[in-house]
There are 2 protein chains.
Amino acid sequence: MQTSAHDQYFRSDDHNHARCRREAVATAATLCAQRGARLTPLRRQVLELVWARHAPVLAYDLLDQLRARQRRAAPPTVYRALDFLLEQGLIHRIESMNAYVGCVDPFVEHAGQFLICNRCRSVAELDDAEIGEAVKAQATAAGFQVMRPTVEIRGICSACAR
Amino acid sequence: MQTSAHDQYFRSDDHNHARCRREAVATAATLCAQRGARLTPLRRQVLELVWARHAPVLAYDLLDQLRARQRRAAPPTVYRALDFLLEQGLIHRIESMNAYVGCVDPFVEHAGQFLICNRCRSVAELDDAEIGEAVKAQATAAGFQVMRPTVEIRGICSACAR
DNA sequence: TCATGTTATGTTATATTATAACATTGGAGG
DNA sequence: CCTCCAATGTTATAATATAACATAACATGA
Ligand SMILES: [Zn+2]
Ligand SMILES: [Zn+2]
Ligand SMILES: [Zn+2]
Ligand SMILES: [Zn+2]
C-alpha cells in the first residue's frame with residue numbers, strides 16, 4: 001500500500017475503512033460505558049451510518065438509510081440520535097454544510113478544525129495548537145470568552161487536485 | 001464618550017452607528033461603481049437592513065422588513081440580493097447562525113474571522129494574520145488548496161460578561 | 001426610435017433542514 | 001406488579017433555501 005506525506009490528514013482511497021468504522025464504534029461503546037451514557041442500538045446504528053466515509057453526512061440521508069434498514073424513523077429519530085452523539089463528542093457538526101462527521105479522537109475534548117474538500121467532500125480533522133493559540137490570543141485581546149470555536153476550511157484536497 | 005482596550009473589536013453601545021451604516025453603504029456604492037456592478041435600490045435597501053446593527057441578520061427577518069416597507073418581496077428577492085452582496089464581498093454569511101452581517105472592510109478581499117457573542121449576538125470581525133498563517137500552514141502540510149476559510153468563534157463578549 | 005439581448009425582479013411552488021408537542025414503549029428499582 | 005424515567009414513536013409545523021418560469025427594466029447598436 002502506498003503512503004504519502006499527506007496521509008496523516010486525509011485518508012487514502014485504499015485504506016481499510018471498515019476497520020476505521022469498527023474501531024470508532026468500539027471506542028464509542030467504551031466511552032459511553034465509562035460515562036454511564038447509553039449507546040442504544042439506534043444511536044449505534046446512526047453512528048455507524050455517520051462513519052460510512054470520512055465525509056460529512058446529511059441528517060435526511062441518515063433518515064433515508066434508517067428507513068431502508070426497516071427501521072421506523074422520522075426526523076426527530078435522527079436529530080435526537082445526532083444530539084446524543086454530539087453531546088458525547090462522538091461526532092461533529094459541519095456548520096458550513098449542515099452535516100455531521102465522525103470525530104477521530106473522542107477521548108480528548110476539543111473543538112474540531114476541519115479541512116473539507118469541495119470536490120470529493122472528504123474531511124480531515126485537525127486539532128492544531130497554533131490555530132488554537134492564535135484564536136485564543138485574539139479572544140483574549142478582545143476580552144472575549146471562547147465557548148465554541150468553529151474552524152472549517154473549504155477547498156480542494158491533494159487527491160482531487162491531481 | 002468612554003473608550004476601552006476592547007473597542008477595536010466590538011463596537012461600544014454608544015458609538016455613532018448611524019454613521020457606520022451610512023459609510024458602509026457609501027463605500028459599497030463606490031466599490032460597485034468602480035467594478036461596474038449594479039447596486040440597485042433593492043440591493044442597497046437590503047445592505048442597509050443588514051447594517052442595522054453589528055450583528056448577524058436572518059434572511060427571513062430581512063424579508064419581513066422589506067415587506068414592512070411596502071416592497072413586494074418573496075424569499076428569492078432576499079436571497080438574490082444577499083447573493084449579490086456576498087459576491088461583492090459587502091457582507092459575510094455566518095455559517096453557524098444561517099445569518100448575514102456587513103463586512104467592515106470590503107476594499108480588501110478576505111475571508112472573515114468572527115467573534116460572535118451568544119448573549120447579545122454582537123459580532124467583531126477580525127482579519128488576524130496569525131490565524132491565517134496557522135491555517136495556511138496546516139493546509140500546506142496537507143497538500144490542501146484553501147478556497148474558503150471559515151472561522152467563527154462563539155462565546156461571550158466583554159460587555160455581556162460584566 | 002426601435003428591436004434585441006441581458007440583467008434584475010416578480011411570482012408560485014417546492015425542496016431542505018430542524019423542532020414542538022404529545023403518545024407510547026420498555027427497562028431499572030422497589 | 002407498580003412506578004418512574006429515559007428513549008423512541010408519531011404527527012404536525014417551523015425555519016431556511018432554491019427551482020422554474022414570467023415580467024420588467026435597462027443597455028446597446030441598427
Ligand atoms: Zn477510514
Ligand atoms: Zn473531533
Ligand atoms: Zn456601528
Ligand atoms: Zn469582511
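Proteins get letters first, then strands, A, B, ... in listed order; numbering begins at 1 in each.
- Residues B:Y79 and B:L66 are members of one and the same hydrophobic cluster, defined by side-chain heavy-atom contacts under 4.5 angstrom among Ile, Leu, Val, Met, Phe, Trp and Tyr.
- When the side-chain nitrogen and oxygen atoms of A:R72 are compared with OP1 and OP2 of D:dT8, none of them lie within a distance under 4.0 Å.
- In this structure, the CG atom of A:L39 is 15 Å from the C1' atom of D:dA6, given to the nearest Å.
- Note on ring orientation: taking the six-membered ring where Trp is involved, the planes of B:H54 and B:H17 are perpendicular (angle over 60°, cut-offs 30° and 60°).
- Among the heavy atoms of the strands lying under 4.0 Å from A:R80 is at least one base atom, whether or not backbone atoms are also near.
- For A:R93 and C:dA18, the shortest distance from a side-chain N or O to OP1 or OP2 is below 4.0 Å.
- Atom CG of B:D83 is separated from atom P of D:dT16 by 16 Å (rounded to the nearest Å).
- One can find a donor-acceptor pair under 3.5 Å joining the base of C:dA18 and the side-chain atoms of A:Y60.
- Rounded to a whole Å, the CE atom of B:M97 is 12 Å from the P atom of D:dA17.
- For A:T77, whose side chain is taken as the heavy atoms from C-beta onward, the closest listed nucleotide among D:dG9, C:dT11, C:dT9 is D:dG9.
- At distances below 3.5 Å, at least one donor-acceptor pair connects side-chain atoms of B:R67 with backbone N or O atoms of B:A73.
- For the OP1/OP2 pair of C:dA18 and a distance below 4.0 Å, the side-chain nitrogens and oxygens of A:Y100 include at least one atom meeting the criterion.
- Contact check, B:N98 against D:dA15: no side-chain N or O comes under 4.0 Å of OP1 or OP2.
- Residue A:T40 has its side chain nearest to D:dA7 when only D:dT10, D:dA7, D:dA17 are considered.
- Regarding B:R71, its CZ atom lies at a distance of 11 Å from the C1' atom of C:dG10, rounded to whole Å.
- D:dT10 atom P lies 13 Å from atom CG of A:L66, rounded to whole Å.
- Computed from coordinates, the B:L63 CG to D:dT18 C1' distance equals 14 Å when rounded to whole Å.
- With distances taken from any side-chain atom of A:Y79 to the nucleotides C:dT12, C:dT17, C:dA20, the minimum falls on C:dT17.
- Looking at heavy atoms from C-beta onward, B:V101 lies in side-chain contact with B:F114 at the 4.5 angstrom threshold.
- Nearer to the 5' terminus of DNA chain C, by closest-nucleotide assignment, is the contact made by B:F84 (compared with the other of B:P76 and B:F84).
- With distances taken from any side-chain atom of B:R38 to the nucleotides D:dT10, D:dC26, D:dT8, the minimum falls on D:dC26.
- Ranking D:dA17, C:dA18, D:dT11 by closeness to the A:A74 side chain, first place goes to D:dT11.
- Put simply, CD on A:Q45 is 10 Å from P on D:dG9, counting in whole angstrom units.
- Per the geometry, CG belonging to B:L42 stands 13 Å off P belonging to C:dT11, to the nearest Å.
- For the 3.5 Å distance criterion, the side chains of A:Q113 and A:D128 fail to qualify, holding no donor opposite an acceptor.
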